[in-house]
Amino acid sequence: MLSQHVIDSLFPSGLPEPEHWERRYPPRDLPEGAQVTRFSPSPTGYLHIGGVYVATIDVDVARHSGGRYLVRLEDTDQARVAEGAAEQFAEAFSYFSIGPDEDDRTGHYGPYAQSGRVDTYLTYVREMLRQGKAYPCFATRQELEEITARQRAAGALPGYYGKWAIWRDAPEDQVTARLAAGDPYVVRFRSPGLAGTRVSFTDAIRGELTLDDNRNDAVILKSSDTEPRLPTYHFAHAVDDHLMRVTLVIRGEEWISSVPLHLQLFDALGFERVQYAHIALLMKQDGGSRRKLSKRKDPEATVSFYIEQGFPAPAVQYYLRGLANGRLAEMPLPEALAAPIRLSDMGTAGPLVDMVKLDDICADYVATLPGEEILAEVTTWARRYAPDLVPVLEAERPLALRALSIEREGAENVRKDLRKWADFPVVYGYFFPQLFTLVTDPADARFGSLDSDLVRAVADAFASKYTPPGPYTPPRKDPQWFEQIRQLAADLGFAPSGKVYKQDPAAYPGSIAHASNIIRVLFTGTSNSPDLAQVAGTLGTDEVLRRVRAVL
């Protein structure tokens, strides 16, 4: 074991003692049973929707227990920090309302990025060295590779432990000589684990779990030839969770195998252990099998996908909460957002992310919103992702609100074709002259197989005797308005119904449905649109006639 003088010489002078940090971060004054949770993303890439899923659970558990929820950026791997990742995290937290209860401006347990907590880690690494619970290791990459090769040859488990840990019990003079020479080194934890030992702990979701104890002398402080000297994730999380007074760590099941090491670190540092809750990962059905939702393969795995497409945040939150607790998926959305998520109700099989189901939930949610709110949301979305749409919406605000009221306000069967804000130009764009492309070709495929002269004849007959619908008051329809289409269809020899047409198709150029589809396509550019009378009343007579006559 190295002398304290040698150990202290490895660290900056004036480095605080552990007592300083204990005073700096005192226990929180919270009611009994309150949970302090944290979400700890790493800015080495863009945020996975699974991160929003975990953070949603973190937020809910903390707030329903009267506790606190914080976000701690785990940025100790500076070489892999992706530009813009931290900003994307902040955007996602805001969009999905999962922002922390405290930050560097308002909280007392910061900094809330690990790169700002270097002195804290160094204090505790030094203390571990002083107590003989850690040691400098000078093993080179080549030596570590040779150890691994020998372990394979001997049929031993890979790792740096026991006789394979060549610097664990090195003589002090050998260590001091290498330090004096300025050779690079890492600091390793002196694991108390023994081969064949098992350790048990209680997971807040999975109950009691038993695993092989950790016997690997894990690196806790990275190489001395880098500045600043940063800890590994394993060590930093133990120090931070203790000093930030976190009580419950909710994280993905891939971390279960690390629990024995983490518990050893808490014990070696003299900290009270935190409780862990390991959630099942979000999955995707891929053919006949299930796999993890992948940012590399699946666009819906990345949070930016949901923001860029304008998925309504409350609908996504409702869906994620339903994946966490099935009972919430059976509740109406407002109730499900207010009800607590229970860790005890979470399963151990990864829930499937079903985008079709999410689309339906979004459509149901949007159908409950007033037109004013939809227009505000679409405009906010468009300012960033469809800027050319913004001046149209601002110039045509009354028209936009009339369009949004069709088959929505007061209707028994509310139209549900708007699922996300990016759908708006497709679903409602035809209402705006600035966005609508006139249909000028009578042979356009959207008219079906009807003869071009017949398409022109329908358009001409409709325009020459056009009668606008009565005053537009949603959800009022004008049943008489459609009679003009019925009459022109009869005049031009169309069958009065699809049934009659199918009985003798050679006798007619088409059915009344074909005739009305011509008008619908001329109005809207699509064969699928709301009630034609309401569309006509929204567009106004001049615009209706401009569109119909464009094909003549």
Side-chain angles (χ1 to χ4, degrees), residues 35 37-41 46-65 69 71 89 92-93 95-99 203-207 248-256 276-287 289-295 297-307 309-366 419-420:
Q35 297 283 13
T37 65
R38 50 82 164 169
F39 177 55
S40 300
Y46 294 113
L47 189 61
H48 193 286
I49 189 63
V52 173
Y53 178 59
V54 174
T56 296
I57 300 167
D58 275 316
V59 172
D60 194 86
V61 170
R63 293 181 182 165
H64 276 97
S65 67
Y69 157 70
V71 172
F89 293 169
F93 300 153
Y95 192 86
F96 290 108
S97 301
I98 50 175
D203 186 284
I205 293 173
R206 299 163 186 265
L248 176 65
V249 174
I250 302 170
R251 59 186 184 182
E253 62 188 357
E254 70 272 21
W255 290 104
I256 291 177
Y276 291 106
H278 292 93
I279 67 170
L281 303 180
L282 298 181
M283 307 292 283
K284 179 171 182 172
Q285 191 73 35
D286 193 350
S289 61
R290 296 155 59 107
R291 60 168 173 80
K292 288 192 298 184
L293 194 63
S294 165
K295 283 195 287 186
K297 297 179 181 179
D298 309 312
E300 68 271 26
T302 306
V303 170
S304 58
F305 169 80
Y306 298 86
I307 298 175
Q309 290 293 308
F311 281 82
V316 178
Q317 281 280 14
Y318 172 76
Y319 180 61
L320 293 178
R321 293 169 71 84
L323 294 182
N325 280 180
R327 77 180 203 286
L328 300 181
E330 305 301 320
M331 297 180 182
L333 185 143
E335 292 178 25
L337 294 183
I341 293 175
R342 298 177 190 148
L343 297 181
S344 59
D345 287 353
M346 295 189 69
T348 57
L352 284 172
V353 174
D354 183 342
M355 294 305 293
V356 174
K357 185 173 183 179
L358 176 58
D359 276 350
D360 289 344
I361 289 172
C362 290
D364 289 342
Y365 171 71
V366 173
R419 294 171 170 80
K420 51 189 182 296

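Computed from a predicted model, the values in this text were never measured in an experiment.
Between Ala92 and Val303, the shortest heavy-atom distance links the atoms CB-CG1, 3.6 Å. Among all heavy-atom pairs drawn from Leu248 and Ala277, the shortest one is CD1-CB, 4.2 Å. Listed here is the closest heavy atom pair of Asp286 and Arg291: OD2-NE, 2.7 Å. Summarising the geometry of Val71 relative to Pro41, their closest heavy-atom pair is CG1-CD, 4.0 Å, with the distance given to 0.1 Å. The two residues Pro312 and Lys420 make their nearest non-hydrogen contact at CD-CA, 4.2 Å. Closest heavy-atom contact between Pro351 and Ala280: CD-O, 4.1 Å.
Note: Lys295 NZ to Ser304 OG = 9.0 Å, rounded to the nearest 0.5 Å. Here the straight-line distance linking atom CD1 of Ile205 with atom OG1 of Thr348 works out to 9.5 Å at 0.5 Å rounding. Atom CZ of residue Phe311 and atom CD of residue Glu300 lie 9.0 Å apart, to the nearest 0.5 angstrom. Distance CG/Leu328 to CG/Leu337: 9.0 Å, rounded to 0.5 Å. Note: Tyr318 OH to Asp364 CG = 8.5 Å, rounded to the nearest 0.5 Å. Atom CD1 in Ile49 sits 5.0 Å away from atom CG in Leu320 (nearest 0.5 Å).
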| message | Set out, in order, the CA-CA distance, both residues' side-chain angles and the distance that settles side chain to side chain contact (heavy atoms under 4.5 Å, CB included) for Arg38 and Val249, then state yes or no. | response | CA-CA 7 Å; Arg38 50 82 164 169; Val249 174; 3.5 Å; yes
| task | Could you give me the CA-CA distance, side-chain angles and deciding distance for Lys292 and Leu282, then say whether side chain to side chain contact (heavy atoms under 4.5 Å, CB included) is met? | result | CA-CA 6 Å; Lys292 288 192 298 184; Leu282 298 181; over 6 Å; no
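Here Tyr95 pairs with nothing under the ring-ring contact (aromatic ring centres under 6.0 Å, His included) rule; sequence neighbours left out. With sequence neighbours excluded, no residue forms a ring-ring contact (aromatic ring centres under 6.0 Å, His included) with Tyr69. Evaluation of the ring-ring contact (aromatic ring centres under 6.0 Å, His included) rule for Phe89 yields no partner, not counting sequence neighbours.
No side-chain heavy atom of Leu293 sits less than 4.5 Å from a side-chain heavy atom of Met283. Side-chain atoms of Leu281 and Glu254, non-hydrogen and from C-beta on, do get closer than 4.5 Å to each other.
Lys284 places no side-chain N or O within donor-acceptor distance of the main-chain N or O of Val353, the cut-off being under 3.5 Å. The closest donor-acceptor contact from the side chain of Ser294 to the backbone of Lys297 lies under 3.5 Å. Panel note: side chain Tyr365, backbone Arg419; no donor-acceptor pair is recorded below 3.5 Å.
Sorted by first and then second residue, the salt bridge (Lys or Arg N to Asp or Glu O under 4.0 Å) pairs involving residues 339-349 (not counting sequence neighbours) are Arg327-Asp345, Arg342-Asp345.
Using cut-offs of 30° and 60° for the angle between ring planes, the Phe96 and Tyr306 rings count as perpendicular.
Side-chain contact of Arg251 with His278: a donor-acceptor pair under 3.5 Å is present, judged by distance alone.
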Give the table of side-chain donor-acceptor pairs shorter than 3.5 Å for residues 51-62, with sequence neighbours excluded, one pair per line with atom names and distance.
from  : atom 1 : to     : atom 2 : distance (Å)
Thr56 : OG1    : Val52  : O      : 2.7
Thr56 : OG1    : Gln317 : OE1    : 3.0
Asp60 : OD1    : His64  : ND1    : 3.3
Asp60 : OD1    : Arg321 : NH1    : 2.9
Asp60 : OD1    : Arg321 : NH2    : 3.0
Asp60 : OD2    : His64  : ND1    : 3.2
Asp60 : OD2    : Ile341 : N      : 2.6

Show me, pair by pair, the donor-acceptor contacts under 3.5 angstrom made by side chains of residues 354-361, not counting sequence neighbours?
from   : atom 1 : to     : atom 2 : distance (Å)
Asp354 : OD1    : Val356 : N      : 3.0
Asp354 : OD1    : Lys357 : N      : 3.2

